[in-house]
A.B. asks: 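Have a look at the structure that comes next, please.
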2 protein chains.
Amino acid sequence: MKDVARQAGVSLSTVSYVVNDSGPVAGARRARVLDAVRLLGYTPNESARRLRNKSTATIGLIVPDLSNQFFALVAEGVEQAAAEQEALVVLCAPEAIDRPTQYYARLLRSQRLDGLIYLPGGEGMTLSLALELAEAGPVVMVDERIRGFEVPSVVADSRGGARAAAEHVLALGHTRVAIIGGPEALWTSEQRMFGFQEALAGYKVPLHSVTVRVGDHRIDSGASIASELLQGPASARPTAFICANDLMALGVLKHCRALGLAVPGDVSIVGFDDIPIAELVTPGLTTVSQPARTMGQLAADTLFRLLDGGECADVSSPLPTTLVVRDSVAAPDTCATRTH
Amino acid sequence: MKDVARQAGVSLSTVSYVVNDSGPVAGARRARVLDAVRLLGYTPNESARRLRNKSTATIGLIVPDLSNQFFALVAEGVEQAAAEQEALVVLCAPEAIDRPTQYYARLLRSQRLDGLIYLPGGEGMTLSLALELAEAGPVVMVDERIRGFEVPSVVADSRGGARAAAEHVLALGHTRVAIIGGPEALWTSEQRMFGFQEALAGYKVPLHSVTVRVGDHRIDSGASIASELLQGPASARPTAFICANDLMALGVLKHCRALGLAVPGDVSIVGFDDIPIAELVTPGLTTVSQPARTMGQLAADTLFRLLDGGECADVSSPLPTTLVVRDSVAAPDTCATRTH
DNA sequence: TTGTATGCGTTATCAT
DNA sequence: ATGATAACGCATACAA
């Protein structure tokens, strides 16, 4: 910048004025400065700028990992909204790197980020951790809520979606159903479980015919739970799996295939999220669609509004979810002897 | 920091010495400082520190988008390696946000990042752009190479993998094969195409029986190319699709299903990448496995070594790829009249 | 071993 | 309309 000033024969302040156009400057001089900038290839040093300004034009994004396409889509949404504000996003994927989220809490705080978008996974999601993160700056949550942690949070209608999914299978006449819930600490897990229960109650399914298990939202847990539940005699095992997310549903599907069980002939499966793979598997996975990318965008937008406006726009009402019906659900096989 | 100094009754430099332990300081004083730090919840201001030091402990990562799991895995690898160095990574996904990579070139340069990891997509990958990026600092490439752009690049053995894949289908007796290549500007596209050709030559497949098309590495292009190529009479259309990546392979799989064509009964399909979904679809996709996560890690490690050592460890030799055989490939249906 | 003083690149406040 | 200058928070060369 000094060089630019010298080259253009003006003072530092003048240069500053023109690059930010934050001050009055005569046409001729402005042109000279601009030329010098181009000539010297000058780019403002953001570190210095931030030191002065206090704003870093950078937000942090914490997602469990990127392998789950749902998270990847949320990340893309955040990235997109950030780009519109000329802001940068630093990526944190605690579960992918096998470090506690707390590690990032320290790191992010020292970076003086403008704010944080937080999508907690099953692991160490506690109030105290959230509070610690909040010390790094304003935070808005996506896809989750933490009781006692009063920040804006962008969520979808997990409960309604879950109910719709469960009703869809129940309406077909299934009675022996297995429910695979998500990690218990999560708000979404709770909501979806509520939704499932509501549907169960509505269809007056006897409690003893439904099996409930808890998974960790990953493929393997779906597969291993399926393996546990599917080993009884055909007449006793579940005819339908209702899963709290797609990955677990895919795990069930995978295991069914390994067992030679037909889907949906022998067992029906529903998932939740509608990640891109859902329509690619065979049979296509019936699932509940969440606007992942939009959720990311909305969260980022909320954060930015919160940052410069101060006013926290209300985003408390859940975004709509919709059941998308593919081929992984059918009426239960009433002729249970067909495999004999 | 001033506060900490006052609280501990020492000078600024002493505080600086203990937090970085970059200078000698008596045990008692050190303890007092540490206490003050804890008491006041002091965290160094990174902006100031960077301004002084020149190092930002932050690298940039450019991947086309995150929807492609291959890219997501690479990103995870980078993230992991960065975490080990206590470094941050800022995420750039040009295609996801529909902006030219050039947009990031500006942004990143002004951020004074320590370095850059660049995984170019099909879009605007030109030498001049790469050069522009290089002005932001040292860059190492992943999964690609640009002629004339002499930076370390971590790649896998695309050519060998491609040949193995093609040979696998050719060995089964396919003669009418379709090849779907990647975007032409890409080095990987070129390499894979070489590999395919080598296999073709080895099996003396007559040129007129192979159809070559170029896709954009996304699902839709696979589907639309399949739709174009599969509309002829059964006796004329390809019995096998050899694709430059998994997403396109999934696209043709999807289209086959829409057409009611059996895979691998009517048409065989091979992909490239071995992204996690590949084993989930039905039938499981035969494909070539690339160590995506490792590539990301290696790239980041190389960048860091290049940053503080200066010496650029040689990473030019491609990582091994391996053919993973699942169920999407079978011998061609010799009884071509079966659909009549 | 500890403190003082200077500069990193910007922006903003003040004179001019 | 323009320029000198202080301050942002930290690290270090140097003096003590």
Side-chain angles (χ1 to χ4, degrees), chain A residues 1-37 40-58 86 88 106-114 136-137 308, chain B residues 1-37 40-58 86 106-114 135-137 308:
Chain A
M1 174 157 152
K2 234 175 350 193
D3 299 335
V4 174
R6 186 159 355 101
Q7 167 78 22
V10 300
S11 76
L12 286 177
S13 358
T14 305
V15 177
S16 181
Y17 288 153
V18 344
V19 311
N20 309 322
D21 51 39
S22 58
V25 38
R29 299 175 80 76
R30 141 168 282 114
R32 284 227 310 283
V33 172
L34 256 20
D35 283 348
V37 165
L40 271 34
Y42 163 77
T43 319
N45 181 324
E46 284 302 325
S47 298
R49 196 174 253 181
R50 327 224 270 218
L51 180 56
R52 261 304 301 213
N53 291 345
K54 242 65 166 88
S55 156
T56 60
T58 307
E86 307 260 288
L88 252 26
R106 287 200 344 270
L107 207 52
L108 293 179
R109 193 150 75 106
S110 66
Q111 297 292 334
R112 300 286 193 279
L113 297 171
D114 287 348
D308 51 42
Chain B
M1 173 156 156
K2 234 175 351 194
D3 300 334
V4 174
R6 186 161 352 102
Q7 167 78 21
V10 300
S11 77
L12 286 177
S13 22
T14 305
V15 176
S16 181
Y17 288 155
V18 344
V19 311
N20 308 323
D21 51 39
S22 58
V25 39
R29 300 176 79 76
R30 143 167 280 113
R32 287 228 308 284
V33 172
L34 256 20
D35 283 349
V37 165
L40 271 34
Y42 164 77
T43 318
N45 180 324
E46 284 301 325
S47 299
R49 191 174 262 183
R50 326 226 267 221
L51 178 56
R52 198 37 240 235
N53 290 345
K54 240 66 167 79
S55 156
T56 60
T58 306
E86 308 258 290
R106 285 199 348 267
L107 208 50
L108 293 178
R109 194 149 76 106
S110 65
Q111 297 292 333
R112 300 287 193 279
L113 296 170
D114 288 348
E135 287 178 23
D308 51 42

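Numbered from 1 within each chain, the chains take letters A, B, ... in sequence-line order.
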A.B. asks: Answer yes or no: does a side-chain N or O of B:Arg49 lie under 4.0 Å from OP1 or OP2 of D:dA11?
C.D. replies: yes

A.B. asks: Does a side-chain N-to-carboxylate-O contact under 4.0 Å join A:Arg32 and A:Asp35?
C.D. replies: no

A.B. asks: Looking only at side-chain N and O atoms, does B:Arg50 offer a donor or acceptor that is under 3.5 Å from a partner on B:Gln111?
C.D. replies: no

A.B. asks: Does D:dC10 have OP1 or OP2 sitting under 4.0 Å from an N or O in the side chain of B:Asn53?
C.D. replies: no

A.B. asks: Assign B:Ser110 to base, sugar-phosphate, or nothing according to its heavy-atom contacts below 4.0 angstrom with the strands shown.
C.D. replies: nothing

A.B. asks: Within the pair A:Lys54 and D:dG9, is there a side-chain N or O less than 4.0 Å away from OP1 or OP2?
C.D. replies: yes

A.B. asks: Specify the separation, in whole Å, of atom CG of A:Asn45 and atom P of D:dG9.
C.D. replies: 17 Å

A.B. asks: Counting heavy atoms from C-beta on, name the nucleotide in C:dT11, D:dA11, D:dG9 closest to the side chain of A:Met1.
C.D. replies: C:dT11

A.B. asks: Counting distance alone, no hydrogens or angles: does the base of D:dG9 have a donor or acceptor under 3.5 Å from a partner atom on the side chain of B:Tyr42?
C.D. replies: no

A.B. asks: What is the distance, rounded to the nearest whole Å, between atom CG of B:Leu51 and atom P of C:dT11?
C.D. replies: 12 Å

A.B. asks: Can you measure A:Asp21 atom CG to C:dT11 atom P for me and round it to whole angstrom units?
C.D. replies: 12 Å

A.B. asks: Any chance you could lay out the side-chain hydrogen bond (donor to acceptor under 3.5 Å, both in side chains) test for A:Ser16 and A:Ser13, step after step, and finish with the verdict?
C.D. replies: CA-CA 5 Å; A:Ser16 181; A:Ser13 358; over 6 Å; no

A.B. asks: State, with a plain yes or no, whether a side-chain heavy atom of A:Arg49 is found less than 4.5 Å away from one of A:Asn53.
C.D. replies: yes

A.B. asks: Please state how far atom CZ in B:Arg109 lies from atom C1' in C:dG9, giving the value in whole angstrom units.
C.D. replies: 16 Å

A.B. asks: Rounded to the nearest angstrom, tell me the gap between atom CZ in B:Arg50 and atom C1' in C:dG9.
C.D. replies: 14 Å

A.B. asks: Take atom OH of B:Tyr17 and atom P of D:dC10, then tell me their distance rounded to the nearest Å.
C.D. replies: 16 Å

A.B. asks: Base, sugar-phosphate, or nothing for B:Thr14, non-hydrogen atoms under 4.0 angstrom?
C.D. replies: sugar-phosphate

A.B. asks: Considering non-hydrogen atoms only, spot the tightest contact between B:Asp21 and B:Arg30 and give its length.
C.D. replies: CB-NH2, 3.7 Å

A.B. asks: Does D:dT2 have OP1 or OP2 sitting under 4.0 Å from an N or O in the side chain of A:Ser11?
C.D. replies: no

A.B. asks: Mark yes or no for a side-chain to base donor-acceptor pair under 3.5 Å between A:Arg52 and C:dA12, with no hydrogen or angle criteria applied.
C.D. replies: no

A.B. asks: Whole angstroms only, please: what is the CZ-C1' distance between A:Arg32 and D:dT2?
C.D. replies: 12 Å

A.B. asks: Go nucleotide by nucleotide along DNA chain C from the 5' end; which of B:Leu12 and B:Arg112 gets its closest nucleotide reached first?
C.D. replies: B:Leu12

A.B. asks: Using OP1 and OP2 only, check whether a side-chain N or O of B:Arg29 sits under 4.0 Å from C:dT2.
C.D. replies: yes

A.B. asks: May I have the distance from B:Asn20 (atom CG) to C:dT2 (atom C1'), rounded to whole angstrom?
C.D. replies: 16 Å

A.B. asks: Using a cut-off of less than 4.0 Å, is there contact between a side-chain N or O of A:Ser13 and OP1 or OP2 of D:dG3?
C.D. replies: no

